[in-house]
Amino acid sequence: MTLSKNFEHQINENKWYSHWLDKQYFKSTPDERTPYTIVMPPPNVTGVLHMGHCLNNTIQDILIRQARMKGFNACWVPGTDHASIATEAKVVAMLRERGIAKSSLSRDEFLSYAWEWKEKYGGIILQQLKKLGCSLDWDRTTFTMDKDYYDSVINIFMDLYKKGVIYRGKRMINWDVKALTALSDEEVIRKETRQKLYHLNYSIEGTNDNITIATVRPETIMGDAAICVHPDDERYKHLHGKFAIVPLINRRIPIIADDYVAMDFGTGALKVTPAHDVNDYALGQKHQLEIVDIFNDNGTLSEDAQIYIGLDRFEVRKKIAIELEEKGYLIKTEEYTSEVGYSERTDVVVEPRLSMQWWLSMKDISSPALKAVMEEEIKFYPPKFKNVYRHWMENIKDWCVSRQLWWGHRIPAWYHESGKFVVAKNEKDAIAVFETEHHISNAVLKQDEDCLDTWFSSWLWPFEVFKGYSNPNNADINYYYPTNTLVTAPEIIFFWVARMIMAGYEYMDVKPFQEVYFTGIVRDKQGRKMSKSLGNSPDLLELIDQYGADAARFGIMIASPAGNDILFDEAALEQGRNFNNKIWNALKLIKMWEARQTLEATNENDFAINWFENRLSEVSIEVEQMMKQFKLSEALKTIYTLIWDDFCSWYLEWVKPGFEQPIQSNVYTKTIEFFTDLMQLLHPFMPFISEEIYHQLEERSDDLCVRLLAEKESPNQTQLDQGILLKQVISGIRDVRNKQQMKPKDSIKLFIQTENKRVFESLISILSKQVNANEISFANDVVPNSFTSVIGKDKFYILTEQPIDLSTQKSALEKELNHLKSFLISVEKKLSNEKFTQNAKQEILDLEYKKKADAEMKINIIELSLKDMAG
RNA sequence: GGGAGUUUAGCUCAGUUGGUUUAGAGCAUCUGCCUUACAAGCAGAGGGUCACAGGUUCGACUCCUGUAACUCCCA
């Protein structure tokens, strides 16, 4: 069978993924093995795969595949999140395109459209993960609005209500005027925004006097309840207790004093609008100010504004500024940059608003979660996120859990026309509870129209995917929980990670996972975050198509240490593709040997085999260590070097038979073994090509995907050192050849002057192949008319047919000599320092003496060579 | 305004408790090669006052203080 020119990724990806599925390798059921469990952070049900998912899921797949090959019962659970606000927004947009307004639909009608949408588009992202090679247990796919999951969310809401942790209250919240819902603080993105600071004159009642305030929101003056100045501000002391008149609407408001006001900001006088600003609200509460809400839900002005009724807040800002200027109230405007809150989902400016919502009191529920991370019951990688976590947890505020949306888990609260309400699972229960609590029979109750925040369902994920709450103590939850590793982006440490830890302790009495690996954020080459609006997010599926899934995985993993942002560069995928090509070509070479073997035995390849065996052990152990510390990109780099440099560039060249010569069969067998081990090391990172090669190397009945990794013995250091020496010698001689502009075809005669003849005797056949020497012998003295290379303690004389020009050689040696001399001086300086010899540890001292001796010896060798050249 | 982090070759990053031949990779660059696995390749080379200024120490990329720039989180 002839092999294709390159690795054909499209064919192989489909072939192997369906084979793995057929064999049910990714399926996990509890058994006597130790479990290794990961729950996938559920992507939005309507989402599509982007670079962030690619990074995240590649990491998880590497961990899970490695665990599987190490003999754990590996279980990786997929699923999707209903993503209340994002999905509802998409459904609303879809309906609008069809000419249907959400307001024209009943709740049930809307929800049936939403489910239709979910069935049609939901789970596309899961299909895309298969393209990446993710080894998920698909039978366990969970959706946050599955029946059992839904019930658990509602039951937990009721339980927390019963415990008194959930309450209803009117508070300042972040209002999204586009999605028409409340947002939690975490859903508000602050961005530096250029604005104008307007200086406005308010007249003082009963005088001709004025007071000037500075505001960025002139459209809210109709909601003003007071003007506030600092009590110590001399400029305004005479105005305390007086009243000002709001321009345009002529409302009378008090002038109050509070040290909250910064005297040096603006004019030192602050307009107070309690209904539309968090700080003003607090100030209003303190001074018992009137609350005038001038906005409608959608950000237009309400009747209470008296003017500009029905116009949008930003339009009013422009118009009112003009009117204020025309009427002489606007003194001046200045440019001003400050942070403004935007909705994470709709990107509109968030409106602080007073609203009746459901809240979860966080203080008690969060304390075990804080402790768990601080005491490393749950470990964070990298650990710097412990600080971030602690800071948030110690200043935690209550969680607004209600959203004014229909798509999600409907709040199980029931209201009576009297305003009294109860929390119950369904209408029947609600009526019963209502009767006993309020002694009103035949009550007509209406369920709360609102939904719960999406994260109020996601925080149950690690246990509810195993039905740990809906079906307590079932076999799965007892076996798989707590899970092992959570892999997620640092952006959602508060949204999700912290809350899962809380829910885990609250409902399972146990942590949800042992460790959390925080990935970086994927940015473009210029360091900008990837986003739809910037259009800098490449189409991942296209990239997979072009370069292959293995190359995509390689490209994204090669430069992404835990917690560091990764700068995505397509060049890295190219590197991955080239790596595929390299591996494929090594296969082609070995395949050429297959039919041309000989049983004739020589020992000339013993060194190569011995060395590579040790090198393989060394690297396997290193990789194992790196994986334990989540140094995944370093582990991949190490494997890359082992395959490309050590295996392809050195080992294969060393054992490669001459043109059309046979290979010894034992060498062939060993080489297949090595290649197999290499593919096994690589498999978690690049599953497709490694599986394909595994099967190309030999007829096999098993698959690499589930082949158990053998423990490696620790390597023989002497063997490894000899390998290093051999490489140095080869490079050194090649360097001389290069500098003398010898053609690869020109052969040389090599003379070795060494005290270690035995070592070099075993290397002769490799050396002659690698430096194209037709004769190698040992010398006891300088060989005349030759080029010299000094490597370690040994000298190499190179004889060629070419006319000899020693000038380049001479200057190179002189350069080296200078370097060595100054090195020697620095060592001698150190050793002549009494304090050093007194204080340094013996091993450090020994080392310095060795450095000195080595340097002196080399200087001696080089000086001899130079002398010889001169003569 | 408060907190955390980063700063090492043109780019992306390693550098373990201070001492390991006067700082290591990969990519990019340069030179030479169409050498029978691979030009998506081979061989070799060059490139760094470890952000800056002090300090501790026999010895600092590594520890301490300050400064600057950038990033993130919180208000």
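Quick note on labels: first sequence line is chain A, next is B, and so on, each numbered from 1.
Looking at which nucleotide of RNA chain B each of A/L589 and A/S826 is closest to, the 5′-most match is held by A/S826. Comparing A/M742 and A/K851, the nucleotide of RNA chain B nearest to each residue sits closer to the 5' end for A/K851.
Between A/T837 and B/C58 there is no side-chain polar atom (N or O) within less than 4.0 angstrom of OP1 or OP2. OP1 or OP2 of B/A43 has at least one side-chain nitrogen or oxygen of A/S649 nearer than 4.0 Å. Contact between the side-chain N/O atoms of A/N578 and the OP1/OP2 oxygens of B/G41 is found at a separation under 4.0 Å.
Computed from coordinates, the A/F518 CZ to B/G5 P distance equals 15 Å when rounded to whole Å. Whole-Å rounding puts the A/I492 CD1 to B/C72 P distance at 18 Å. Atom CD in A/Q661 sits roughly 13 Å away from atom P in B/A37 (whole-Å rounding). A/E848 places its CD atom 8 Å from the P atom of B/U20, with the value rounded to the nearest Å. Distance, A/D746 CG to B/C33 P: 12 Å, rounded to whole Å.
Nucleic acid contact for A/L847: sugar-phosphate only, since backbone atoms but no base atoms lie under 4.0 Å from a heavy atom of the residue. Contact annotation for A/K743: no contact, since no heavy-atom pair falls under 4.0 Å across all strands. The residue A/K397 sits close only to the backbone: its heavy atoms come under 4.0 Å of sugar-phosphate atoms, none of a base. At a threshold of 4.0 angstrom between heavy atoms, the contacts of A/K830 with the nucleic acid are absent. Looking at heavy-atom distances under 4.0 Å, A/E653 makes contact with a base. A/W593 comes within 4.0 angstrom of no nucleic acid atom, judged by non-hydrogen atoms across all strands. Contact annotation for A/D569: no contact, since no heavy-atom pair falls under 4.0 Å across all strands. Among the atoms of the strands shown, base atoms are found under 4.0 Å from some heavy atom of A/D854. Note on A/A840: a base of the nucleic acid sits closer than 4.0 angstrom, heavy atoms only. Looking at heavy-atom distances under 4.0 Å, A/S731 makes contact with sugar-phosphate atoms alone, never a base. A/Y640 comes within 4.0 angstrom of sugar-phosphate atoms only, judged by non-hydrogen atoms across all strands, and of no base. Base engagement by A/N839 is indicated by at least one non-hydrogen atom pair under 4.0 Å involving a base atom.
Distances from the side chain of A/K384 to the nucleotides B/G41, B/G5, B/C72 place B/G5 closest.
A cation-pi arrangement, defined by a distance under 6.0 Å to the six-membered ring centre and an angle within 45 degrees of its axis, is present between A/R499 and A/W399.
One cannot find a donor-acceptor pair under 3.5 Å joining the base of B/A43 and the side-chain atoms of A/R734. Between the side chain of A/Q575 and the base of B/A28 there is no donor-acceptor pair of N/O atoms closer than 3.5 Å. Between the base of B/C38 and the side chain of A/K588 there is no donor-acceptor pair shorter than 3.5 Å.
Ring orientation note: the planes of A/F647 and A/F675 are tilted relative to one another, at an angle of 30° to 60°. Using cut-offs of 30° and 60° for the angle between ring planes, the A/H819 and A/F823 rings count as parallel.
Judged by distance alone, the side chains of A/Q629 and A/Y381 never bring a donor and an acceptor atom under 3.5 Å apart.
A salt bridge is absent between A/K637 and A/E634; no separation between the charged side-chain nitrogens and carboxylate oxygens falls under 4.0 Å.
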